[in-house]
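Read through the structure below, which is laid out as structure tokens, and then see the notes.
None of the values given here were measured: they were computed from a predicted structure.
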Amino acid sequence: MAQISLTFPDGNSRDYDAGITPADVAASISNSLAKKAISATVNGEHHDLQWPIEGDASIAIHTLKDDDQALELIRHDCAHIMARAVQEIWPDVKVTIGPVRDNGWFYDFDREEPFTPEDLGAIEAKMKEIINARDAVRTEVWDREKVRAHYEASGEPYKVELLDRIPGDEPIRMYWHGEWMDLCRGPHLQHTGQVPADAFKLMSVAAAYWLGDNTRPMLQRIYGVAFKNRDDLKKHLNFLEEAAKRDHRRLGREMDLFHMQEEAPGQVFWHPNGWTVYTELQDYMRRKQRAGGYVEVNTPQLVNRRLWEESGHWEKYQEHMFIVEVDEDHAREKAVNAMKPMNCPCHVQIFNQGLKSYRDLPLRMAEFGSCARYEPSGALHGIMRVRGFTQDDGHIFCREDQIEEETAIYIDYLTSVYQDLGFPEFRVKFSDRPETRAGSDEVWDKAEEALLKATRAAGIEPEMNPGEGAFYGPKLEFVLTDAIGRDWQCGTHQVDFVLPERLDATYIAEDGAKHRPVMLHRACLGSFERFIGILIEEHSGKLPFWLAPRQVVVASIVSEADDFVHEVVDALKAAGVRAEADIRNEKINFKVREHSVGKVPAILAIGRQEVENRTVTLRRLGEKQTSVVPLDEVVQSLAAEAIAPDLR
RNA sequence: GCUGCUGUAGCUCAGGGGUAGAGCACUCCCUUGGUAAGGGAGAGGUCCGGAGUUCAAAUCUCCGCAGCAGCACCA
């Protein structure tokens with residue numbers, strides 16, 4: 001038999017017979033390693049222990065100590081064990097796919113009846129039985145036709161379809177967990193007992209379209225999470241509990257920021273506190289925009305359908321637009337208008353007024369543009385995904401050869417805004433041409449290349465997001481995450497060769513002839529609504545001082561202090577701090593608790609001593625200890641803190 | 001939009017075919033208390049909307065609306 005040489009992570013190598021499995025390699029090293037081994041990385045690829053090695057290779061044997069591999073295997077085996085449990089309880093249920101995801105896995109089933117919470121309990125119990133049985137996991141490579149015959153005979157149409165989607169040259173692997181078998185690429189553990197029985201939990205059941213396609217059947221998806229041990233599971237469940245407390249919908253109510261109601265689904269009623277955050281943020285953005293060389297404009301809410309037809313939005317997005325038909329007295333025909341779902345066509349109208357020279361370019365035009373989109377009901381989510389919102393929108397009209405520089409300038413601008421707002425880190429995605437799009441392939445080639453080049457020149461290597469671009473051009477997405485880790489696109493930067501063409505935007509170039517400008521669509525926050533939602537969750541409601549709606553509460557300890565309380569409040573207000581008095585007939589304990597819950601960053605307590613010495617006792621949110629500070633000093637330091645970061 | 005779940009006081013929730021419940025919040029009274037809930041009293045409800053079943057519906061059924069989770073969508 002041929003000999004092969006395997007090289008271990010420590011650099012040593014040993015010779016083995018060709019075709020040896022990692023399990024045998026582990027056994028050749030020590031009995032304990034053979035028992036603890038869960039998988040192996042061979043030539044950089046993660047395989048299970050039964051995978052034969054045919055040639056010289058590098059090899060690393062993994063145990064539960066290797067987090068990445070262990071968690072992947074535990075979760076993947078959980079998916080199989082769960083599918084087996086489901087089919088043991090309900091043999092008629094059809095299985096589909098069950099990938100590892102986030103902190104666990106999901107598995108999609110086709111079953112008439114939806115799973116109930118009680119069902120989940122039963123499945124969990126059955127899974128524990130399977131784990132405790134320590135059933136061996138084994139694998140075989142099967143001939144494609146044998147797999148097809150098997151799944152056709154056992155009535156598993158989804159598996160047959162999956163089989164057909166596997167490229168022709170890939171070997172088809174079947175995996176057994178005990179007697180239960182599934183088509184799978186692997187790798188898997190050695191036996192079911194290697195899954196910790198007390199470190200997984202079935203979380204929820206929800207529906208999902210087969211293959212993510214809304215024209216295909218809906219399946220029942222069960223989500224689970226799994227970890228290496230019970231403590232990690234507990235930590236995760238605890239994290240979710242804590243994250244729920246940071247939910248912007250909950251904090252929005254607790255901090256009295258905003259509310260929403262049935263009569264205006266997907267639209268925000270901003271309360272005084274919330275509107276303070278909003279306007280503070282808007283003032284900041286307005287200053288940043290001016291400093292960034294933008295001119296600010298404002299355009300109509302309600303625009304005749306004609307413009308949307310010209311821009312192409314009517315054709316593509318009519319279903320998602322709020323249509324307003326005006327039947328004026330004596331009018332021969334109805335005027336059909338739409339609430340603007342975005343601002344770009346309106347900005348082109350402003351650009352098109354008068355003749356523009358190449359000297360005017362790049363022309364950076366910004367608007368706090370209120371938009372309305374009829375979002376699908378299921379998409380609405382607090383103030384993060386709404387039907388009425390305001391973008392910090394902007395369009396840069398420029399020459400093709402200015403795209404790269406303008407993109408670099410913009411990325412710089414966005415970075416400084418995100419930095420100021422407490423997001424030094426953010427993710428960038430690059431989305432290229434979608435299937436349905438406007439514009440020729442040559443134009444798309446140009447746009448994609450220019451954008452990508454500029455992004456890389458700015459020192460960013462974006463995540464690729466194939467086919468996700470806008471219909472008129474490729475885009476960069478700047479992504480932030482909410483309390484439980486869901487992605488939200490906030491900023492965006494898009495190259496558009498199409499709209500200037502459709503709306504006939506031109507400028508006079510040096511050659512005296514009309515030329516077509518390129519349009520860069522960009523939003524930094526995205527929408528105020530979404531960004532404030534993210535801000536709330538990111539800071540758990542404890543907004544930076546300059547953004548906090550209620551910055552200081554001055555609380556009396558005894559009523560004799562009331563006059564001085566008002567004096568302190570007045571002094572703070574005069575210095576530009578949002579301060580309010582609390583002279584209610586309540587104990588200081590009560591007041592401290594209430595304003596702490598309300599996320600007020602600074603509480604100043606005033607009792608007899610403070611009145612006498614003209615001091616205040618300052619307590620910062622989240623801190624236990626207090627400090628006694630002279631009035632002048634506290635006014636000065638809090639006033640300094642209230643200044644927005646761009647003005648410091 | 002799709003699947004499932006939910007909708008009872010301002011909030012969080014219990015209850016459940018026949019007088020509507022709690023805690024917190026609110027109002028009033030007592031209390032002037034030194035850093036996360038002082039004590040007492042009171043007021044507060046179209047039980048999401050509509051239809052049906054029933055002697056009787058907040059409760060059961062159906063249809064809507066809204067919210068939640070996931071999927072799909074996101075100019």
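Of the candidate nucleotides B/rA66, B/rC73, B/rG38, B/rC73 has the atom nearest to the side chain of A/Ala379. Here the nucleotide nearest the side chain of A/Val558, chosen from B/rG38, B/rC73, B/rG33, is B/rG33. Side chain of A/Thr617, nearest nucleotide from B/rG34, B/rU32, B/rA36: B/rG34. Here B/rU32 is the nucleotide among B/rG70, B/rA37, B/rU32 with the atom lying nearest to any side-chain atom of A/Ser559. In the set B/rC74, B/rG67, B/rC2, the nucleotide with an atom closest to the side chain of A/Arg373 is B/rC74. Counting only heavy atoms from C-beta on, A/Lys587 has its side chain closest to B/rG38 among B/rG34, B/rG38, B/rU12. In this structure, the nucleotide among B/rU3, B/rA69, B/rU35 sitting nearest to the side chain of A/Arg249 is B/rA69. Taking every side-chain heavy atom of A/Tyr209 into account, B/rC2 is the closest of B/rC2, B/rC26, B/rA37. Here the nucleotide nearest the side chain of A/Tyr223, chosen from B/rG34, B/rU12, B/rC71, is B/rC71. The nucleotide whose nearest atom lies closest to any side-chain atom of A/Gln609 is, among B/rA36, B/rA75, B/rG34, B/rG34.
A/Tyr374 contributes no side-chain N or O that forms a donor-acceptor pair with the base of B/rG1 under 3.5 Å. At a cut-off of 3.5 angstrom, counting only N and O atoms as typed in the model, there is a donor on one side and an acceptor on the other between the side-chain of A/Glu610 and the base of B/rG34. In the interface, the side chain of A/Arg619 is paired with the base of B/rA36 through a donor and an acceptor atom under 3.5 Å apart. Contact of A/Arg385 with B/rC73 (side chain to base): a donor-acceptor pair of N or O atoms is detected under 3.5 Å.
Taking a cutoff of 4.0 Å between a charged side-chain nitrogen and a carboxylate oxygen, A/Arg608 and A/Glu612 do not qualify as a salt bridge. Under a 4.0 Å N-O distance rule, the pair A/Lys245/A/Glu242 qualifies as a salt bridge.
Contact annotation: A/Arg608 does not reach the phosphate of B/rU32 (side-chain N/O to OP1 or OP2, under 4.0 Å). For B/rA69, the OP1/OP2 oxygens have a side-chain nitrogen or oxygen of A/His381 closer than 4.0 Å. A sub-4.0 Å separation between OP1 or OP2 of B/rA36 and a side-chain N or O of A/Lys624 is present. Phosphate proximity of B/rU35 to A/Thr626: absent, as no side-chain N or O sits under 4.0 Å from OP1 or OP2. Between A/Arg250 and B/rU12 there is no side-chain N or O to OP1 or OP2 distance below 4.0 Å.
With contacts defined as side-chain heavy-atom distances shorter than 4.5 Å, the pair A/Gln494/A/Asp496 does not qualify. In this structure the side chain of A/His595 reaches within 4.5 angstrom of the side chain of A/Arg550, judged on heavy atoms.
Along RNA chain B, the nucleotide nearest A/Glu375 and the nucleotide nearest A/Arg593 are compared for position; the residue whose nucleotide lies closer to the 5' end is A/Arg593. Ranked by how close their nearest RNA chain B nucleotide is to the 5' end, A/Val597 and A/Phe115 are led by A/Phe115.
With P as the reference atom, B/rC62 and B/rU3 are 15 Å apart, rounded to whole Å. The separation of B/rU54 from B/rC13, taken at their C1' atoms, amounts to 30 Å, rounded to a whole angstrom. A gap of 24 Å separates the C1' atoms of B/rA25 and B/rA58, to the nearest Å.
Residue A/Ala208 is in sugar-phosphate contact alone, with no base atom involved, counting any heavy-atom pair closer than 4.0 Å across all strands shown. At a threshold of 4.0 angstrom between heavy atoms, the contacts of A/Arg486 are confined to the sugar-phosphate backbone, with no base atom among them. Within the 4.0 angstrom heavy-atom criterion, only backbone atoms of the sugar-phosphate kind lie near A/Gly212; the bases stay farther away. A/Arg101 comes within 4.0 angstrom of the backbone, heavy atoms only, and of no base. A/Lys475 comes within 4.0 angstrom of sugar-phosphate atoms only, judged by non-hydrogen atoms across all strands, and of no base. Contacts of A/Tyr472 with the nucleic acid, taken as non-hydrogen atoms under 4.0 Å apart, involve only primed sugar atoms and P, OP1 or OP2. Among the heavy atoms of the strands, none lies under 4.0 Å from A/Gly598.
Note on ring orientation: taking the six-membered ring where Trp is involved, the planes of A/Phe115 and A/Trp90 are perpendicular (angle over 60°, cut-offs 30° and 60°). Ring pair A/His259/A/Phe269 is parallel by interplanar angle, where below 30° counts as parallel and above 60° as perpendicular.
When Watson-Crick and G-U wobble pairs are counted only if both distances are under 3.5 Å, B/rC73 pairs with no nucleotide at all. Judged by Watson-Crick or G-U wobble contacts below 3.5 Å, the nucleotide B/rA20 has no partner. When both distances must be under 3.5 Å, the Watson-Crick or G-U wobble mate of B/rC5 is B/rG67. The base-pairing partner of B/rG44, taking Watson-Crick or G-U wobble contacts with both distances under 3.5 Å, does not exist among the strands shown. Figure legend. B/rA14 is base-paired to no nucleotide; pairs are counted as Watson-Crick or G-U wobble with both atom distances under 3.5 Å. Across all strands shown, nothing is found opposite B/rU53 as a Watson-Crick or G-U wobble partner with both distances under 3.5 Å.
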Contact state string [nucleotides 5-10 of chain B, B base, S sugar-phosphate only, - no protein heavy atom under 4.0 Å] = ------
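Considering A/Tyr410, A/Phe397, A/Tyr472 as possible partners of A/His521, the one that fulfils the ring-ring contact (aromatic ring centres under 6.0 Å, His included) test is A/Tyr472.
A syn base is found at B/rU19: its glycosidic angle is within 90° of 0.
In this structure, the aromatic ring of A/Phe590 is not positioned over the six-membered ring of the base of B/rG38 within 5.5 Å between centres and 30° between planes.
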Would you please test A/Phe389 and A/Phe531 for ring-ring contact (aromatic ring centres under 6.0 Å, His included) and show each step?
-> CA-CA 11 Å; A/Phe389 55 94; A/Phe531 204 91; over 10 Å; no
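Looking only at atom types and distance, the side chain of A/Ser540 has no donor-acceptor partner in the side chain of A/Lys599 under 3.5 Å away. A/Thr299 and A/Gln349 share no donor-acceptor pair across their side chains, judged by distance under 3.5 Å alone.
A cation-pi geometry, defined here as NZ or CZ lying under 6.0 Å from the six-membered ring centre and within 45° of its normal, holds between A/Arg75 and A/Phe227.
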